There are 2 protein chains.
Amino acid sequence: MRDIARHAGVSPMTVSRALREPAAVSEKMRAKVDAAVREFGYLPNRIAGSLSSSRSNVVGLIVPGIRNSLYAGMIQAVSEVLRANGMHLMIANSGHSLEDEEAAVAAFLGQRVCGLVLHNTTHSKRTREMLERSGVPVIETGNLPDDPIDMAVSYSNFEATRAMTLHLARLGHRKIGFVTLPLRDNDRSEERRRGYFAALRELGLPADDSLVLEAAGGFSEGADALVRLVNAHPDLDAGFFAGEVLAVGALFECQRRGWDVPGRIAIASYDDVDLLKHAVPSVTTLRIPRQEIGRRSAELLVQRLQGAPAERVKVDLGFEIVQREST
Amino acid sequence: MRDIARHAGVSPMTVSRALREPAAVSEKMRAKVDAAVREFGYLPNRIAGSLSSSRSNVVGLIVPGIRNSLYAGMIQAVSEVLRANGMHLMIANSGHSLEDEEAAVAAFLGQRVCGLVLHNTTHSKRTREMLERSGVPVIETGNLPDDPIDMAVSYSNFEATRAMTLHLARLGHRKIGFVTLPLRDNDRSEERRRGYFAALRELGLPADDSLVLEAAGGFSEGADALVRLVNAHPDLDAGFFAGEVLAVGALFECQRRGWDVPGRIAIASYDDVDLLKHAVPSVTTLRIPRQEIGRRSAELLVQRLQGAPAERVKVDLGFEIVQREST
DNA sequence: TTATAGGTTGGTAGCGATACCAAACGAAAC
DNA sequence: GTTTCGTTTGGTATCGCTACCAACCTATAA
């Protein structure tokens, strides 16, 4: 920057200003600076800028698994909002482990991110301490926390699962199996299980533990879970899968066995991905506004950074049941 | 850090060393520092560290679309290798536009990333200039570039498409349609198209332009493309889709119309995602080592940062044909 | 003409770490 | 006891930028 200033015949201060708030600098100066910047292809060092101003323009995002296409829409939305505001995104993987989350939070705070989005609402003690002490705006998402650290943007896993279970009963299904993703260290899965049982109780249906199966999230696991459920309960008339891959895996299994869906068994899924809409038959599911969650999260962060008061915000973006051919 | 030093009764220099290279500090000092660090929950400011040492531990990754699950495996692999080496990942979206890529590169260089991975091998003039001048290690991927900026890790889109087309012919298919993703600003798509025609020429089959259809990457677009191809060429006996979503969209369309696959028409896809393996029938496809590409890219960057000589490396990780039920 | 204000420009002092060299220390050799 | 060498510790300058305030314009009003 010193060089640019020299070559433009102005002070470094003027260069800095011309780049950050062009309006505060006379047209003549701005032209000189711009010319020199272009000539030398100068790129301001944001590291130095951040250190000096103790402001940064990087937001950290921690997701349980980058690989999971579920988060892709949310990540994209966050990324877009940030970019529109001249900010950047760093991503880390917590792999469903609270320790890894803690490490990622520490690393991000060390990088002095200006905001954090955590796809998780239960944290280790040290994670909460670090976050609270840092004063960095935090968004929690993935579930609606009882005691948010700062801000939360999500939907209720409990209500969503409950609603779909009631929906299946309304369609006449009496024996509804539920296949959940692993429950360990995962409050979302736990909430969903609770929602399922709450619905059964309301319906006066027997809340049989053997109707719930835990499965890792692959196609074969979905197929396998379906088969095990049907073997244990030959009168099963609906399967509700807490993940689109599980559901489609089960659907494929039905195709292989020649079982009519929904004639022999109905299949319902979680999350509205394109695949479910185009599958044959198309699959009934819960639409979770993933992108909207990402968008709102980023917007709340941006607002806070632009001076909005630091108040605990809790946004429930809801969900929707999408009835299709499979139920 | 000054505070920590005071409370530990040592100099700031010793704190800095105790944190970065514990071996260079006596046990006594290290213990004092560690105690103070723990007591105050001190997190070193990496921004200041980077500025001072003019080293950073952040790698930038630019992909055409975060949303596309294709890149997810690669991103995950990059992320894991970096984390294992104490580094971090920033992600940006180029949305298939060279201007957006240029903006992202400028932003990342401004952030003084220590390495860059670009999922693209054609760039704007200014992008190349910036990268070359910056001296930052760069990996290009997604295709094998003729004139790499620095390092390249990929496979050959041309060879892969050619090989699958030859494979379909070997299975007895004579009239093979090809559905490509949009060609604009996308050298990968262009290479694939070339590979397809090269195979037809080798086979002595007529290279009919109307056998190639351009389609955006959705399920309906795949279904639609299949229908249009069959209408134009009633004797079409195979469809090769340059994207798994397109292929499965076409497969679903066959199911809806009751067309036997591969009896009435064979379907081949690009990229080996789980969906293709579990679909009914399972789909023949090209296995592209996406994860391996991510892993190698990150490893090459890490090696370079650890002092490996700055030589132009070009790694071809190849591909594999996965023959399944659909052909 | 001088005072006053508003708008620009420049100088100086950090931001919080690390690089580099000098000082202090301790152990081994004489 | 002194010298010497190697290791550990500390001081100072600096990384490249921005915050803050002082100095300087130019124009308008008194």
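No experiment lies behind these values; they were computed from the predicted model shown. Chain letters run A, B, ... following the sequence lines, proteins first, then strands; residues in each count from 1.
For D:dC17, the OP1/OP2 oxygens have no side-chain nitrogen or oxygen of A:Ser16 closer than 4.0 Å. Side-chain N/O atoms of A:Ser50 include none lying less than 4.0 angstrom from OP1 or OP2 on D:dC17. Side-chain nitrogen and oxygen atoms of A:Arg46 include none within less than 4.0 Å of the OP1 or OP2 phosphate oxygen of D:dC15. Contact check, B:Arg17 against C:dC20: no side-chain N or O comes under 4.0 Å of OP1 or OP2.
No donor-acceptor distance shorter than 3.5 angstrom exists from the side chain of B:Thr121 to the backbone of B:Asn143, with no hydrogens or angles considered. A donor-acceptor contact shorter than 3.5 Å is absent between the side chain of B:Ser69 and the backbone of A:Ser69. Put simply, the side chain of A:Ser56 gets close to the backbone of A:Arg112: a donor and an acceptor are under 3.5 Å apart. Between the side chain of A:Thr14 and the main chain of A:Val10, no donor-acceptor pair closer than 3.5 Å is present. The main-chain N or O of B:Pro145 is found under 3.5 Å from a side-chain atom of B:Lys314 such that the two form a donor-acceptor pair. Judged by distance alone, with hydrogens and angles left aside, the side-chain atoms of B:Gln76 form a donor-acceptor pair with the main-chain N or O of A:Arg67 at under 3.5 Å. Formation of a donor-acceptor pair under 3.5 Å by the A:Glu102 side chain with backbone atoms of A:Arg126 is not found in this model.
Distance CD1 (A:Ile4) to P (D:dT18): 13 Å, rounded to an integer number of Å. As rounded to whole Å, 18 Å separates atom P of C:dC15 from atom CE of A:Met1. As rounded to whole Å, 12 Å separates atom P of D:dT9 from atom CD of B:Glu21. Here the C1' atom of nucleotide C:dG16 and the CZ atom of A:Arg112 are 9 Å apart, to the nearest Å. Rounded to a whole Å, the CZ atom of A:Arg6 is 16 Å from the C1' atom of D:dC17. As a whole-Å value, the separation of B:Arg20 CZ from C:dA17 C1' is 8 Å. To the nearest angstrom, C1' of C:dA17 lies 13 Å from CD of A:Gln111. One interatomic measurement links the two molecules: CD of B:Glu27 to P of D:dT9, which rounds to 11 Å at whole-angstrom precision.
Nearest-nucleotide positions on DNA chain D for A:Met13 and B:Met29 put B:Met29 closer to the 5' end. Place B:Ser26 and A:Ile47 on DNA chain D by their nearest nucleotides, and B:Ser26 ends up nearer the 5' end.
Contact annotation: side chain of A:Ser52 to base of C:dG14, donor-acceptor pair present below 3.5 Å.
Counting non-hydrogen atoms under 4.0 angstrom, A:Ser54 reaches nothing in the nucleic acid. Nucleic acid contact class of B:Ser53 (heavy atoms, under 4.0 Å, all strands): sugar-phosphate only. B:Arg2 comes within 4.0 angstrom of nothing in the nucleic acid, heavy atoms only. Residue A:Pro12 is out of contact with every strand shown, counting any heavy-atom pair closer than 4.0 Å.
Within residues 30-43 of chain B, no residue has any heavy atom closer than 4.0 Å to DNA chain D.
The side chain of A:Arg55 sits closest to D:dA19 out of C:dG10, D:dA19, D:dC15. Of the candidate nucleotides C:dA17, C:dG11, C:dG16, C:dG16 has the atom lying nearest to any side-chain atom of A:Leu51. Closest contact between the side chain of A:Val25 and the listed nucleotides D:dT9, D:dG16, C:dT9 involves C:dT9.
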For this session: Decide salt bridge (charged side-chain N to carboxylate O under 4.0 Å, His left out) for B:Glu191 and B:Arg188; before the verdict, give the C-alpha distance in whole Å, the side-chain angles of both, and the deciding distance to 0.1 Å.
Result: CA-CA 5 Å; B:Glu191 284 287 287; B:Arg188 274 102 57 208; over 6 Å; no

